[in-house]
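In this chain, numbering begins with 1 at the start of the sequence shown.
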Amino acid sequence: MSESNSPVFSSTKSVDTDPPPPPPPPPLPRLLVSACPTAPTTTVSQQHAARQSPYLDKLACMPDDYLLQRPKPSTFVYKPIHYFFYGTLMKHNILKDVLGLEAEPVLRPAKVYGYELANWGQYKALIEGQQGTEVTGAAYLVESADHEYKLAYYETNAYILAPCKIHFTDGLGGEEGGNSAYGRTFMYAGDAGALKAGRFDRALWELQMGSRLPPAWEREDGDGGTQVKTEGKDTQE
């Protein structure tokens, strides 16, 4: 049997599965190459060290004992203010004794609008009124903080200090050439509704006593007031 001269093919064929490498990028134009930024030659820490801090510059200009210095307190300058009186303080002798004045106090006739007076025992009490209502009295220019303290001590905590607009009625004018001035007055500190109705003023009682009214002492009546129990009897005040 003679050998055949025909070529012998293998049943397996090696196939290269790796893709060919990509071609190199084309060179950049000359203008673009010159415009490209160069890599920094310093590190980040070196850049921070070279950057000057404005706080350090300011601190370097301070004196050596800067941290030990304290700012000087500003001097308090008292500004006189008008007070509106409507009761016993309208009497010259009482106001003079309360403030400890040597000379007679100068009281100016004045009025305030939007208020009304109510009776609190034998004293007058200023409360909120209807629009247009007015209360006549007297205005006095308080010239020191010590005098303001003495006035508040005289009025007790049954009254609170409130801002108001005082209208002078003597024709002498007020602040900035007008006939009025912004000042202060003492108003009733309790329940104005209870004061006008003649009921027991729980708000004022708690304010003056510094505690709440015990529940065993009170009973609400049909008119919204408070009845205080005294010796086994209910008395409305």
Salt bridge (Lys or Arg N to Asp or Glu O under 4.0 Å) filter on E104, not counting sequence neighbours, yields K96
Distance (rounded to the nearest 0.5 Å) between L126 CG and M187 CE: 5.0 Å
T185 side, atom OG1; L89 side, atom CG - distance, nearest 0.5 Å: 9.5 Å
So CG of L107 and CE of M90: to nearest 0.5 Å the spacing works out to 7.5 Å
Is a side-chain donor-acceptor pair under 3.5 Å present for Y154 with T88? yes
Supply the atom-to-atom distance F85 CZ to I94 CD1, rounded to the nearest 0.5 angstrom. 11.5 Å
If a pair satisfies salt bridge (charged side-chain N to carboxylate O under 4.0 Å, His left out) and one of its residues is in residues 130-140, list it, with sequence neighbours excluded. K111-E134
Under a 4.5 Å cut-off applied to non-hydrogen side-chain atoms, are E155 and L161 in contact? no
Compare every heavy atom of A181 with every heavy atom of H82, then report the nearest pair and how far apart it is. ND1-CB, 4.1 Å
Identify the two heavy atoms, one from N157 and one from A189, that lie closest to each other, and give their separation to 0.1 Å. O-CB, 3.7 Å
Heavy-atom pair with the smallest gap, counting every atom of K196 and A118: CG-CB, 4.5 Å
Measure across A110 and I166 and return the closest heavy-atom pair with its distance rounded to 0.1 Å. CB-CG2, 3.6 Å
With K124, which residues qualify under salt bridge (Lys or Arg N to Asp or Glu O under 4.0 Å), at least two apart? none
Grab the two heavy atoms, one from P105 and one from H92, that are nearest each other, plus how far apart they are. O-CD2, 3.2 Å
To check you understand the geometry: which heavy-atom pair defines the closest contact between S180 and H167, and what is its length? CB-ND1, 3.8 Å
Does E116 have any side chain to side chain donor-acceptor pair (under 3.5 Å) partners at least two apart in sequence or in another chain, and if so, which? none
Begin from the C-alpha positions of Y115 and F84 and carry the test side-chain contact (heavy atoms from CB on, under 4.5 Å) through to its verdict. CA-CA 12 Å; Y115 302 91; F84 177 77; over 6 Å; no
For Y113, give me all partners under side chain to side chain donor-acceptor pair (under 3.5 Å), at least two apart in sequence or on another chain. none
Mind checking whether Y86 and V112 have side chains closer than 4.5 Å, heavy atoms only? no
Kindly compute the distance separating CD1 (I127) from CG (D191), expressed to the nearest 0.5 Å. 9.5 Å
Which side-chain N or O atoms in residues 141-153 pair as donor and acceptor under 3.5 Å with protein atoms at least two apart or in another chain?
from: S144; atom 1: OG; to: H147; atom 2: N; distance (Å): 3.2
from: D146; atom 1: OD2; to: K150; atom 2: NZ; distance (Å): 3.4
from: E148; atom 1: OE1; to: Y83; atom 2: OH; distance (Å): 2.5
from: E148; atom 1: OE1; to: R184; atom 2: NH1; distance (Å): 2.5
from: E148; atom 1: OE2; to: Y78; atom 2: OH; distance (Å): 2.5
from: E148; atom 1: OE2; to: R184; atom 2: NH1; distance (Å): 3.4
from: K150; atom 1: NZ; to: L99; atom 2: O; distance (Å): 3.4

